[in-house]
Amino acid sequence: MTGTPARTLLLWCPDWPVLAAEIVDGVPATGPVAVLHANRVVACSERARAEGVRRGLRKREAQGRCPQLTVVDYDPGRDARAFEPVVAAVEELVAGVEVVRPGACAVAARGPSRYLGGEEAAAERIIEHVAQSCLVESQVGIADGVFAAGLAARSGRVVPPGGTPEFLAGLPVEALGRSALADLLRRLGVRSLGDFAALPAGDVLARFGFDGALAHRLAAGRDHRPLAVRQPPADLTVTAEQDEPIDRVDVAAFVARALAEQLHERLAGHGLACTRLGIEAVTEHGQELHRVWRHDGLLTAAAIADRVRWQLDGWLSGSNGRTGARPARPTAGIIRLRLIPDGVIAQAGLQAGLWGETGEERERAHRALSRVQGILGPEAVVTAVLGGGRSPADQVRLVPWGDERLPTRPGPAPLPGAPIARPGPAPLSDEPIARPGPTPLPGAPIARPGPTPLPDEPIARPGPAPLSGAPIARPGRAPLSGEPIASGGGRAVSAGRPADHSAGGVPPWPGRLPAPAPAVVLPSPLAATVHDAAGEAVVISARLAVSAPPARLVVGTGRPAEIVGWVGPWPVDERWWAPAEARRRARFQVCLADGTALLLAVEGGQWLVEAIYD
């Protein structure tokens, strides 16, 4: 923060929000146009200023001064998108552009002034190039520091080196862009930036705080930070053009080895290593093939060559159009092969294990599975990713091996100090199975509603008098995060409202099944029927009243199975605000006479088997 700021060239497009509205939305900037934010004018066109419209006016006052005023809402995203072509045009002449805000970008003036013939010549060249490329008028200011260059661009000035403090001294305090501070300074008798810069820095900090001290530095011509230029990314892609189309695997393997060595050397020259590799091929008939390979460690030259060879083997050894597991092979030989390092990290980011390479067994497994993918396609090997949801099918997503393991829905945030529940094997034989419901006190028996208790389990029957020490279940109580919705015949409690989020923006998923998760989740639920002891079908009313205790279960056309224990219903009313996506159902857990535990659901009057517990 000491020393003279670097010479800075800043390009400024006047009234950029108005121009962006013309570029994106077609609003003519030649007419009276005003851009409003929070009911106040933040930018206006030249014709609107001629009618008396100024920044800071309220909408009604601006329309009173100019009845023909066209009002446009402020949209920073629109301004940034429209400004990107201007930045790209500047980067065609100079390198290292920093976008100060939509409508203004800055570069170090030393480079352009040296190879474009001086600072003034560089400014004229950039203005002319932007006007020809983007049809946008702009102004350039050059001074010591970004702040001074931005003020110089308002009048298109080139401030000589060392003359920035003198240039700033004559400007009013409103040039700082801090209206509250400028109003206070004027009431204290400080009207120019020179008067403000002459005040002692310690007194300014004590009176106006940190923001006032920062403004004091800017008024004295000292920027608080250097330029944070935007560096164009290095081109790390390697390409091999073939005179003769490649249609044999051995020739493709030879080309892959040379190309992999070239890519590895290019990455090493930049101190990078590849963790995700994109392989592209173009055939003689113009067919484009693309595949991305992912690796948990660093891809060496040999590893890159192996993956390219496997992929080419999979493409060139296709099915020739015949039905089968293999995908169809290309219609012609490959004439262009390209390797794209889609994911790169610093080479020192990963290191080998203490006793050799990290995860040699994992690497062998990864090579084998990747080989299968190269032959049968990426969907041939998939892994499960856990996420959020209220049903077991929603909480698991299958992704191809090597792809990013990102859940479709965010998972619930665990409570502080709570153990993390992970689906896995069933509990030990002497460990009770956790069922949804209120958490019992330490040492209290686990109560399950139902006509018949499970073996060696204390009997808990519904009735007006609860068991001693047992919590009282009341219908309609809002469930805790991660706790199923308990209902004893009351109304269904809606779950999944959009605003229902816990700390950190992660939804708590009320009504989801707690651990342990079912061992088998059926890809398509099986239709079933549930009967009571008299043989009548068990139905659930709109108020979640069970017509009779479930006694027998028939899955599809199978034989009836006796139900010895059950718990439920737990209602879930999802996405009720979107009628096309709304879903309302009630879940049950049942235990059969042969020891099988199932997860059932009732939706639209139909019983379904969703999952099986181990």
Side-chain angles (χ1 to χ4, degrees), residues 1-16 42-43 46 49 54-56 98-101 103-113 118-124 126-127 137-229:
M1 296 178 65
T2 59
T4 304
R7 294 288 290 173
T8 303
L9 184 152
L10 188 139
L11 181 135
W12 171 63
C13 299
D15 306 327
W16 180 252
V42 295
E46 183 177 356
R49 283 193 296 272
R54 295 292 183 269
R55 293 180 57 184
E98 175 186 348
V99 179
V100 179
R101 62 183 179 277
C105 60
V107 298
R110 179 183 178 185
S113 64
E119 293 181 346
E120 293 185 1
E124 294 177 359
I126 292 175
I127 292 174
E137 295 184 358
S138 59
Q139 298 179 192
V140 168
I142 301 178
D144 298 336
V146 178
F147 175 71
L151 296 178
R154 303 280 175 164
S155 55
R157 293 185 55 179
V158 177
V159 180
T164 298
E166 182 181 356
F167 163 71
L168 294 175
L171 298 178
V173 291
E174 286 78 10
L176 292 170
R178 295 164 169 83
S179 57
L181 178 62
D183 180 68
L184 179 58
L185 290 175
R186 281 198 170 274
R187 286 189 280 113
L188 294 176
V190 180
R191 291 177 171 81
S192 66
L193 295 184
D195 296 339
F196 186 39
L199 299 177
D203 296 341
V204 172
L205 177 62
R207 177 64 179 83
F208 302 106
F210 176 78
D211 186 67
L214 178 60
H216 182 260
R217 290 186 55 85
L218 296 178
R222 302 190 301 271
D223 275 1
H224 64 287
R225 66 169 180 83
L227 279 173
V229 297

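All values below were derived from every heavy atom in this structure, side-chain atoms included, with hydrogens, water molecules and symmetry-related copies excluded.
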Distance-minimising heavy-atom pair for [X] and [Y]:
| X | Y | result |
| --- | --- | --- |
| His216 | Ala197 | NE2-O, 3.2 Å |
| Ala122 | Leu9 | CB-CD1, 4.5 Å |
| Ser138 | Pro14 | CA-CD, 4.3 Å |
| Pro165 | Ala220 | CG-O, 4.0 Å |
| Ala143 | Thr164 | CB-OG1, 4.0 Å |
| Gly212 | Val204 | O-CG1, 3.6 Å |

Interatomic spacing from [atom1] in [X] to [atom2] in [Y] - rounded to 0.5 Å:
| X | Y | atom1 | atom2 | result |
| --- | --- | --- | --- | --- |
| Leu205 | Arg217 | CG | CZ | 12.0 Å |
| Arg186 | Asp195 | CZ | CG | 10.0 Å |
| Leu185 | Arg207 | CG | CZ | 9.0 Å |
| Glu174 | Arg191 | CD | CZ | 10.0 Å |
| Arg178 | Leu214 | CZ | CG | 5.5 Å |
| Leu188 | Leu199 | CG | CG | 9.0 Å |

Under 3.5 Å donor-acceptor, [X] side chain and [Y] backbone:
| X | Y | answer |
| --- | --- | --- |
| Gln139 | Trp12 | no |
| Asp144 | Gly162 | yes |
| Arg55 | Val42 | yes |

Less than 4.5 Å apart, any side-chain heavy atom of [X] and any of [Y]?
| X | Y | result |
| --- | --- | --- |
| Leu10 | Val140 | no |
| Ile142 | Arg7 | yes |
| Phe167 | Arg157 | yes |
| Phe147 | Thr8 | no |
| Leu184 | Arg187 | yes |

Over 12 non-hydrogen atoms of neighbours within 6.0 angstrom of CZ in Arg110: no
